[in-house]
Asker: 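Let me begin by handing over the structure; questions about it come next.
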Amino acid sequence: LETLTSSPTENQRPVNPSHFGKVVDSFLDMGFSHAQIKELFSVQPRLPSQARLAVVSELLLLGLSTDSILKAIQKNTELLRMSPERLKNRADLLRKFNFQEGSLNHIVIHCPSIFTLPERRIEAVKDLLMEKCLFTVQQVSKILQTCPNVLLEDLDDLEYTFQFAYYRMGVKHREIVNSGFFQTSLADIKNRTIFLERLGLYQTPDKKGQTQIVNPKLKTLIRASETDFVTKIACSTIEEYEIFKKLLAREEEQKWNEDGTLEVE
Amino acid sequence: KKWAATRPRISSTRLALQNFDMNYSVQFGSLWPSIRISLLSEQKYGALFNNFSDIQRMTQELECLNAVDFIWESQKVVQDLNSAAGQQASKPAVSTGTLAVPAESQAQPHPCLSTLISPNIRCYIFPKGDISLFPPARPDTLGILGYYLLDAASVLPVLALNVQPGDLVLDLCAAPGGKTLALLQTGCCRELAANDVSISRTGRLNRVLRSYIPPNICDIVRITSWDGRKWGDLEANTYDRVLVDVPCTNDRHSVMEEDNNIFKNMRKGERQMLPMLQLELLIAGILAAKPGGEVVYSTCSLSQLQNECVVERAVELLNIQYNIDVHVEDLSIFRRLFQDTFSFFPNCRLGELVVPHLTSNFGPMYFCKLRRVG
Ligand SMILES: C[S@@+](CC[C@H](N)C(=O)[O-])C[C@H]1O[C@@H](n2cnc3c(N)ncnc32)[C@H](O)[C@@H]1O
């Protein structure tokens, strides 16, 4: 009991030295450096090394780099506690999305919970994107690659965000996918779009997709820094934009509880 | 949280905006986008202080909210102008910083504020950039309300009218009565004729007055529902001060509300006749003024056609048809006094125009002062 409750640094793991040496060799074989192995073992230190090895091998088989594996495990320590079968299933599911070389590394680093999320959650996001938003399989996998955060978002919000881009901003699927649209929060997108719209610098295209002014490209609009957006795209001032955001937030609030009556001349 | 598939074909607010985009982008150039977004965003209110309510309690309540009386604040500008003028005399080379003071006003100290603007009016607002809202006014023990919420810029025409003690005052288009209330706050009106052609709206005016003004003061107000254009025949050469706050395209309302929108297709004729109606009302207002009397013309539109053009045409017509000389007064002092509160358009040919700006989202409000000379 004494050894079990002592702190991890002084904790002498109850493994026999030769067995431990073999495990280290296996990790070295996989391409981990000594330093990485040390870090790897400092996560969930009491986990049997066999389990650790199983999880890491499975991740390696998915084509992840040693670096990504380490980062993913550090960010989401639960990963190490997954059973090999569950991990295998999840890996199979992810392979179905046809992620390109290297893109899985990106996802795993930015959204390591992709492995621990319940499978129905991933399926639900996929179904929403395909069936309600009508993205193709390739587009869905690109969205997951570039914006893995969609997996964690509320489904209604996600659908609303899509609808805002498609109906209100009049942007087509391809541009939505290519711009990394879902990385940005709906609040930011709304603020920027409506700010431009009221300045007279953005117009929802009509049924034929036409506008009387040239709208800025979606990518430029969402990727610009706030200062660049305000001064270069909107040609306005930060002071005005700050007030506008507050006013818009209040408007949106009031939409839901409509009763405000003011004496207006 | 779904998107409505059906929208009215083309709404009146949309038509209004298209019309403004066309005309105002020419009139205001690069300023137009900032005005446009302000028209389309929540406007700011001012609380017109009611001197007939419990003054101490009201002052306390408003100051607790961190609201400030912008008219009182402008006194400081007068003091600054005075001391700047004093400094100027000793050190002529020093510039006065942000205040662009023309040469002649630098020469002599400024006359006191009370000789420029109607006295006793207080209007509380939240400072620039503060988007707080006033709670609705509550009645005091006598049932009188403490303040009236309005666009703070709409007290400017009343201030410009410079009502003096004992004046006979006409408010030609008075309903629902925000400016009428402000006129009564001066405590200067010997009699106040408040008129509006619409009977339902004079009804509203009546109710507003009863909630703010004690009965003995209400007695000096005469409410009528006549066509203001006839005033020249009804009561010519009668009033010391006349306020002509005409119906207009009401730009803010037109881009925001479908209800009662003058850009509705069926109101096209009415809309096109507006400048003529405005001209006739202004002429009637001037005819109702005594020689030497002062008239303020105001609209809540940005349109030159409804603002400067109407004034110019009225001056011309009065001269030709009635042989009456009308002098258009310089109100640029207002721009200097209230520049911290409102955003003024710097290039008005005549009169002054408050343009909406997100940091001080008041107006539009155009006002121009005319003095009937002969
Ligand atoms: C801008 S509103 C006046 C607002 C009012 N002065 C206030 O501050 O509350 C214009 C008013 O002019 C009135 N009006 C329209 N035509 C008129 C006419 N021919 N004679 C008098 N009033 C008229 C309308 O009924 C409307 O109430």
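Letters A, B, ... are given to chains in the order of the sequence lines, protein chains preceding strands, and every chain is numbered from 1.
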Asker: OG1/B/T359 to CZ/A/F244 distance, rounded to the nearest 0.5 angstrom?
Answerer: 14.5 Å

Asker: Testing the basics here: between B/L133 and A/Q254, what is the closest heavy-atom pair and its distance to 0.1 Å?
Answerer: CD1-NE2, 4.4 Å

Asker: Which members of residues 223-233 of chain A, sorted by number, sit under 4.5 angstrom from chain B on a heavy-atom basis?
Answerer: none

Asker: Need one label for A/E242: side chain, backbone, both or neither, based on atoms under 4.5 Å from any heavy atom in chain B.
Answerer: neither

Asker: Can you tell me how far the CD1 atom of A/I243 sits from the CD atom of B/E42, to the nearest 0.5 Å?
Answerer: 12.0 Å

Asker: Under 6.0 Å from the CD atom of A/E123, do we count more than 12 heavy atoms belonging to anything else shown?
Answerer: yes

Asker: Against chain A, label B/H357 side chain, backbone, both or neither, depending on which of its atoms sit under 4.5 Å from a heavy atom there.
Answerer: side chain

Asker: Between A/F195 and chain B, with a heavy-atom cut-off of 4.5 Å, which part of the residue counts as in contact: side chain, backbone, both or neither?
Answerer: both

Asker: Does atom NZ (A/K246) have a neighbourhood of more than 12 heavy atoms from anything else shown, all under 6.0 Å?
Answerer: yes

Asker: Taking atom CZ of A/R198 and atom OG of B/S38, what is their separation to the nearest 0.5 Å?
Answerer: 10.5 Å

Asker: Hey, what do you get for CZ (A/R250) to CD1 (B/I131), rounding to the nearest 0.5 Å?
Answerer: 4.0 Å

Asker: I need the A/I194 CD1 to B/L40 CG distance, nearest 0.5 Å.
Answerer: 11.0 Å

Asker: Search all heavy atoms of A/E197 against all heavy atoms of B/R36 and return the closest pair with its distance.
Answerer: O-NH1, 2.9 Å

Asker: Would you indicate whether A/R174, at its atom CZ, is surrounded by more than 12 heavy atoms from other residues, nucleotides or ligands within a distance under 6.0 Å?
Answerer: no

Asker: What do you reckon, is CZ of B/F345 surrounded by more than 12 foreign heavy atoms closer than 6.0 Å?
Answerer: yes

Asker: Side chains of A/T237 and B/L358, heavy atoms from C-beta outward: is any pair under 4.5 Å?
Answerer: no

Asker: Using a cut-off of under 4.5 Å on heavy-atom pairs, state which of B/A137, B/S41, B/G177, B/A175 scores highest against chain A.
Answerer: B/S41

